[in-house]
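Since the structure comes first, as structure tokens, the remarks are kept for the end.
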Amino acid sequence: MTTPPESAAHPRFAGALRERGLQELIAEVRHFPESTRTATEAAAAIGCELSQICKSLVFTVWGSPLLEHGREPGEGEPGEGVPVLVLVDGASRVDLERVREEFGARKVTRAGADVVRETTGYAIGGVPPFGHRTRTRVLADRALLDHDVVWAAAGTPYTVFPMDPKELVAQAGGTLVDIRERTP
């Protein structure tokens with residue numbers, strides 16, 4: 001593992017940390033020579049539990065009166081899909097039905113790579129929990145709070161940073177919900 005100074009974090013994410021008064025986290029961003037694109041890869045590189053990884057996943061929500069009502073002019077037409085961010089631990093899967101219910105939506109789908117990049121400014125596998133190009137609604141699974149520290153992407157598929165999960169959810173503007181799939 002190497003930790004180059006400021007160059008480890010994506011420049012947009014480093015800027016977001018500075019804007020939020022979190023510049024001390026820039027020095028804590030870790031860069032790995034191997035990919036940390038998936039939660040499994042990140043946990044193996046860091047040497048932590050899979051559930052200590054915070055996945056930042058973008059979904060498209062269709063037909064949600066809650067999301068369409070709050071749109072600004074130019075943010076799309078009623079009935080179009082609206083991107084949302086879901087934060088969940090690396091050992092869990094997102095329950096799409098719970099996301100649908102949370103927004104009162106007609107349907108929820110996984111966003112494509114183009115929507116992820118357009119919405120967040122980052123590629124899949126490097127999306128941080130905040131510091132995005134556009135503002136989106138954020139749902140965060142309560143299980144993230146089971147840890148003292150979680151690790152999230154720092155804007156590239158090779159960088160991660162540690163953060164207190166309560167602070168991470170607050171910085172992301174997330175609403176705490178039970179959003180992960182339950183095992184029977």
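Numbers here simply count residues along the sequence, with the first being 1. For clarity, every value in this text was computed on a predicted model and none was experimentally measured.
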**Message:** Tell me whether R12 contacts the main-chain N or O of G121 through its side chain, where contact means a donor paired with an acceptor under 3.5 Å.
**Reply:** yes
**Asked** Between atom OH of Y122 and atom CZ of R133, what is the distance when rounded to the nearest 0.5 Å?
**Response** 9.5 Å
**Request:** Mind checking the CZ-CG spacing from R135 to L85? Nearest 0.5 Å is all I need.
**Result:** 12.5 Å
**Message:** With heavy-atom distances below 4.5 Å as the criterion, would you say the side chains of V84 and T136 are in contact?
**Reply:** no
**Request:** Determine the minimum heavy-atom distance between A14 and A9, stating which atoms define it.
**Result:** CB-CB, 4.2 Å
**Asked** Is there a path from L144 to L25 through hydrophobic residues (I, L, V, M, F, W, Y) whose side chains come within less than 4.5 Å of each other?
**Response** yes
**Request:** State, to 0.1 Å, how close V58 and T120 come at their nearest heavy-atom pair, and which atoms those are.
**Result:** CG2-CG2, 3.9 Å
**Item:** S51 side chain vs A91 backbone, donor-acceptor pair below 3.5 Å
**Value:** no
**Item:** Common cluster, Y158/I26, ILVMFWY with side-chain heavy-atom separation under 4.5 Å
**Value:** no
**Prompt:** Quick one: does F32's side chain get under 4.5 Å of V160's, heavy atoms only?
**Reply:** yes
**Message:** With rounding to the nearest 0.5 angstrom, report the CG to CD distance, L17 to Q23.
**Reply:** 8.5 Å
**Request:** Decide yes or no on side-chain contact (heavy atoms from CB on, under 4.5 Å) for W151 and R30, but give the supporting numbers first.
**Result:** CA-CA 10 Å; W151 294 83; R30 294 190 188 170; 3.4 Å; yes
**Request:** With the side chain counted from C-beta on, respond yes when F161 and E28 share a heavy-atom pair under 4.5 Å apart, and no when they do not.
**Result:** no
**Request:** Please answer whether the main-chain N or O of E167 pairs with a side-chain N or O of Q171 as donor and acceptor at a distance below 3.5 Å.
**Result:** no
**Fill in**
In this structure, CD of Q52 is separated from NE2 of H147 (nearest 0.5 Å) by 5.5 Å
**Request:** Determine yes or no for a side-chain-to-main-chain donor-acceptor pair under 3.5 angstrom, with K55 supplying the side chain and S92 the backbone.
**Result:** yes
**Message:** Using side-chain contact (heavy atoms from CB on, under 4.5 Å), reason through L168 and L87 one step at a time and then give a plain yes or no.
**Reply:** CA-CA 10 Å; L168 183 143; L87 305 176; 3.9 Å; yes
**Residue pair I46 / I53, side-chain heavy-atom distance below 4.5 Å** = yes
**Item:** Over all atoms of both residues, closest heavy-atom pair of A113 and I124
**Value:** CA-CD1, 3.7 Å
**Complete:** Nearest heavy-atom contact between G125 and A153 is O-CB, 4.4 Å
**Asked** Should we say atom CZ of R20 is surrounded by more than 12 heavy atoms from elsewhere, each under 6.0 Å from it?
**Response** yes
**Asked** Between G81 and T60, what is the shortest heavy-atom contact and its length?
**Response** CA-CG2, 3.4 Å
**Item:** Closest heavy-atom pair and its distance - V88, L57
**Value:** CG1-CD1, 3.9 Å
**Asked** Taking 4.0 angstrom as the limit, do E101 and R98 come out as a salt bridge?
**Response** no
**Asked** Checking H132 side chain against P128 main chain: does a donor-acceptor pair fall under 3.5 Å?
**Response** yes
**Message:** Test of understanding: clusters of I, L, V, M, F, W, Y form through side-chain heavy atoms closer than 4.5 Å, transitively. Do L96 and V115 belong to the same one?
**Reply:** no
**Message:** Using the rule given for side-chain contact (heavy atoms from CB on, under 4.5 Å), can you reason through T175 versus L139, listing the C-alpha separation, both sets of side-chain angles and the distance that settles it, and then say yes or no?
**Reply:** CA-CA 5 Å; T175 301; L139 299 179; 4.3 Å; yes
**Message:** Any heavy-atom pair between the side chains of D89 and D146 that's under 4.5 Å?
**Reply:** no
**Prompt:** Do the non-hydrogen side-chain atoms of E97 and V108 ever get within less than 4.5 Å of each other?
**Reply:** no
**Request:** Check step by step if side-chain contact (heavy atoms from CB on, under 4.5 Å) holds for M163 and L22.
**Result:** CA-CA 10 Å; M163 192 171 205; L22 301 170; 3.8 Å; yes
**Message:** Within the 3.5 Å criterion, strictly below it, is a donor on T159 or H10 matched to an acceptor on the partner's side chain?
**Reply:** no
**Asked** Are the side chain of S64 and the backbone of F103 linked by a donor-acceptor contact shorter than 3.5 Å?
**Response** yes
